[in-house]
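Before any comments, here is the structure.
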Amino acid sequence: MEQLGWGSITLQILGHFWPVWAALIAVFAVSWVNKQRLGLYGKLFDNWVGLIGLWLVLFWVFTALFAHWIAPFESLDQMAAMKNKKPGWPLPDGTGHYLLGGDRLGRDVFSRMVYGSRTVMSIAPAATLFAFMVGVTLGLPAGYLGGRFDTALSFVANLVLAFPVILLFYLLVTPEIRETIIPTALAGILFLIPIVFFIVLFFSRFEQQPQKLWIYLSVTLVLGLWAYSGLAFNADPLGVFYMDPNLLNIFVSVVFVNSPTVFRIVRGLTMDIQTRDYVAAAQTRGERPWYIMLWEILPNARGPLLVDFCLRIGYTTILLGTLGFFGLGVSPESPDWGLTINEGRKLLSIYPHPALPPAIALMSLVLGLNLLADGLREQSLKD
Amino acid sequence: MTLFIIKRVGVMALSVMCLTFVVFSLTNLEPNLRKLAKEQNNLRMTDAQVESWLEREGYREPLVARYGEWLANFAVGDWGHSTRFREPVLDIVSKRLGYTGKLMFWVMVVMVPLALIIGVLAGMREGSVTDRSLSTFSITTTATPEYVSGVIFTVIFASSAVGLKWMKGSATSATDGITFENFALPVMTMALYGMGYIARMTRASMAEVMTAQYIRTARLKGVSFSGIVLRHALRNALIAPFTVIMLQFPWLLTGVVIVESLFNYKGFGWTLVEAASNNDIELALGCSVVAVAVVLITQLISDIGYVFLNPRIRVQ
């Protein structure tokens, strides 16, 4: 077989992504038809910047979902004859091509890039969501109540923010630290906060309606504690919720680094919103502080928080890449983008092809998230 | 104002103490100490040998007492001894910080003027084609972390196989003397990531100023557009970016670590990685003090500078 030219490489890559194209067309068609009924999401379709952002983000979401259909090879398949081969090189047995070439161990660069999206997609959104839970649960009372509580929490948040992120990762994400209790303890505290958040959320709303309250509370407690036992302590009796200790370590560190910034944003927003008339009205009605915080202030802060959420997933993606780049907390074989970039750069001046695809993939995903955030901001300001 | 500064300095000292204690406790965790003992002697030490070495070197004293000792020595200028480089920490840190200072200087020289120009050009006519394209450019740069742009730039400008072959892919020789060839890539890579953020803040600030009443008055008075931008809008529009530029320092620090590892430039960031990955306790402590101090001092300067630039703000 011949080595492929760039034209046919592009065509074949586009062909391999067929499940993604199908899913994208389906999502966009359905959303376009129903765009009047979909609120802020529907309005995105009137904004080019936001639309391109959404397209890029969904592209990578579907790539992660359908990775095993898209990737022509497994991420760990090695073929000695394909070491450092150029893009479009045919396999020795003539059954196919390495579309973007082979890396230093003879693995397919294209398949590894596709599988790498799974690592990012499984950690970044969830870690950001947890960071938001922590930031909201602590930021609302800090901004609303003020006083000593605020001073103490702000001091701690500033401490974490003043700390060089890389040094913190080097200290927190090591094989040595996994032998200690620290990651589990941090996970125990951080993962408890969402449960507390939902309990307070439902309690403050349905305090007068015990029947509803009990339903919500018991669902929260059963689901929450079930997931909690599995994720934080790896002790889920049914074995559904499970987190690799390595992954847990990364996850907890990323949440830990992100939540102080969210805390500061929520605190600032709360201090701004609590001067509004509807908060004063609720206070005059005699509502409890937690009701005002969670059901009056929080819903009205959703616009800026949603925008920041998108930006922050992008930032978390960059952080995960940084971790991989320094080889922290990822197994040396994994197709993680940051790790692949770091491996590829060692031979960069002779063989540029293994490092470029993951670099461009990471960039396009973060760019998509930033554009989406920009589009959301513009559309929510129009209201 | 004086009271404000004194208070802030007090909080700073407390923060540095808290953070160094955290670093101290984390580097002194049992598995880390054992790893250190094996690295310092030989990898096949028995547990008893490790224990006796740790005992002999004083690692078995109570943690708080040892931290107090370190703090007391630190206060009089004895920053301890690096187990990785076998040199006094103060010497290493000051030498490496000098190299990073050079890098930072050139990054600032490239980044700040470019970012301000982009921001002002984009913000002076909000919604125009110039604004759209410059804003997209800024968003793209904020989405390109150093390890991505560094790799792309190396392929374009320094690869021996493809591309332009203008520069060198390594900045190791830049510690002896800076040339365009060995220093342009790290500076470009670092400047690019920070630039977009400053440019977007400048744009927002400029766009807000351009809607102010006094700009309309100036326009109605018949001042030319360039006159309005240069003489009326610019000065007020640059207050907000000043704070942003100062607050960029902590971000630049992470960038320094990535860029110095990427281009093998042996400055402060490279030292920090060496210290952390070799569990060099006293060097890691020294590095974190410097890093935290840089962040806190720039925060203080930005707060004070903000008050001077914007007379409407008063500190209590």
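So you know, we letter chains A, B, ... as the sequences are listed, proteins then strands, and number each from 1.
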message = Are the side chains of B:Y147 and A:N342 in contact, using a 4.5 Å heavy-atom criterion?
response = no
ask   = Which heavy-atom pair separates B:V292 from A:A162 by the least distance, and what is that distance?
value = CG2-O, 3.9 Å
ask   = What's the shortest heavy-atom distance between A:F325 and B:I258, and which atoms?
value = CE2-CG2, 4.1 Å
key: Pick from B:L262, B:V294, B:V11 with the largest number of heavy-atom pairs that fall under 4.5 Å of chain A   = B:L262
inquiry  = Less than 4.5 Å to any heavy atom of chain B: does that hold for the side chain of A:I177, its backbone, both, or neither?
reply    = side chain
query = For B:S261, is it the side chain, the backbone, both, or neither that has a heavy atom closer than 4.5 Å to a heavy atom of chain A?
reply = both
ask   = What part of B:L19 gets closer than 4.5 Å to chain A, counting heavy atoms only: side chain, backbone, both or neither?
value = both
request  = With a 4.5 angstrom heavy-atom cut-off, could you sort out which part of B:I152 is near chain A: side chain, backbone, both or neither?
outcome  = both
task = Identify which part of A:V49 has an atom lying under 4.5 Å from any heavy atom of chain B, answering side chain, backbone, both or neither.
result = side chain
inquiry  = Would you say that more than 12 heavy atoms from the other residues, nucleotides or ligands in this model lie under 6.0 Å from the CD1 of A:I350, or not?
reply    = yes
key: Most chain B-contacting option - heavy-atom pairs closer than 4.5 Å, from A:G321, A:G338, A:G314   = A:G321
task = Under 4.5 Å heavy-atom distance to chain A, tell me which part of B:T142 shows up: side chain, backbone, both or neither.
result = both
ask   = In a check of side chain to side chain contact (heavy atoms under 4.5 Å, CB included) between B:L26 and each of A:I182, A:T180, A:T174, which one passes?
value = A:I182
message = Does atom CZ (A:R264) have a neighbourhood of more than 12 heavy atoms from anything else shown, all under 6.0 Å?
response = no
key: chain A contact via B:V23 - side chain, backbone, both or neither, heavy atoms under 4.5 Å   = both
task = Mind checking the CG-CZ spacing from A:N370 to B:R200? Nearest 0.5 Å is all I need.
result = 7.0 Å
key: Least distance between heavy atoms, B:S288 atom then A:L167 atom   = CB-CD2, 3.4 Å
note = Minimal heavy-atom distance between A:L367 and B:T140, with the atoms involved, is CD1-CA, 3.6 Å
ask   = Which one, A:L356, A:V165, A:L365, leads in non-hydrogen pairs under 4.5 Å with chain B?
value = A:L356
inquiry  = Between A:Y315 and chain B, with a heavy-atom cut-off of 4.5 Å, which part of the residue counts as in contact: side chain, backbone, both or neither?
reply    = side chain
key: Interface residue of largest heavy-atom contact number with chain B, from A:L362, A:L168, A:L369, under 4.5 Å   = A:L362
message = Consider side chain to side chain contact (heavy atoms under 4.5 Å, CB included). Of B:V256, B:L253, B:T254, which one does A:I166 pass it with?
response = B:T254
ask   = Among B:V273, B:V257, B:T27, B:N279, which one satisfies side chain to side chain contact (heavy atoms under 4.5 Å, CB included) with A:Y170?
value = B:V273
ask   = Is the OH atom of B:Y197 crowded by more than 12 outside heavy atoms at less than 6.0 Å?
value = no
Chain B contact via A:S364 - side chain, backbone, both or neither, heavy atoms under 4.5 Å = neither
query = Between B:A158, B:S277, B:C287, which residue shows the highest count of heavy-atom pairs closer than 4.5 Å to chain A?
reply = B:S277
message = What part of B:F263 gets within 4.5 angstrom of chain A, counting heavy atoms only: side chain, backbone, both, or neither?
response = neither
request  = Could you pull out the closest heavy-atom pair between B:C18 and A:L159, with the gap in Å?
outcome  = CB-CD1, 3.8 Å
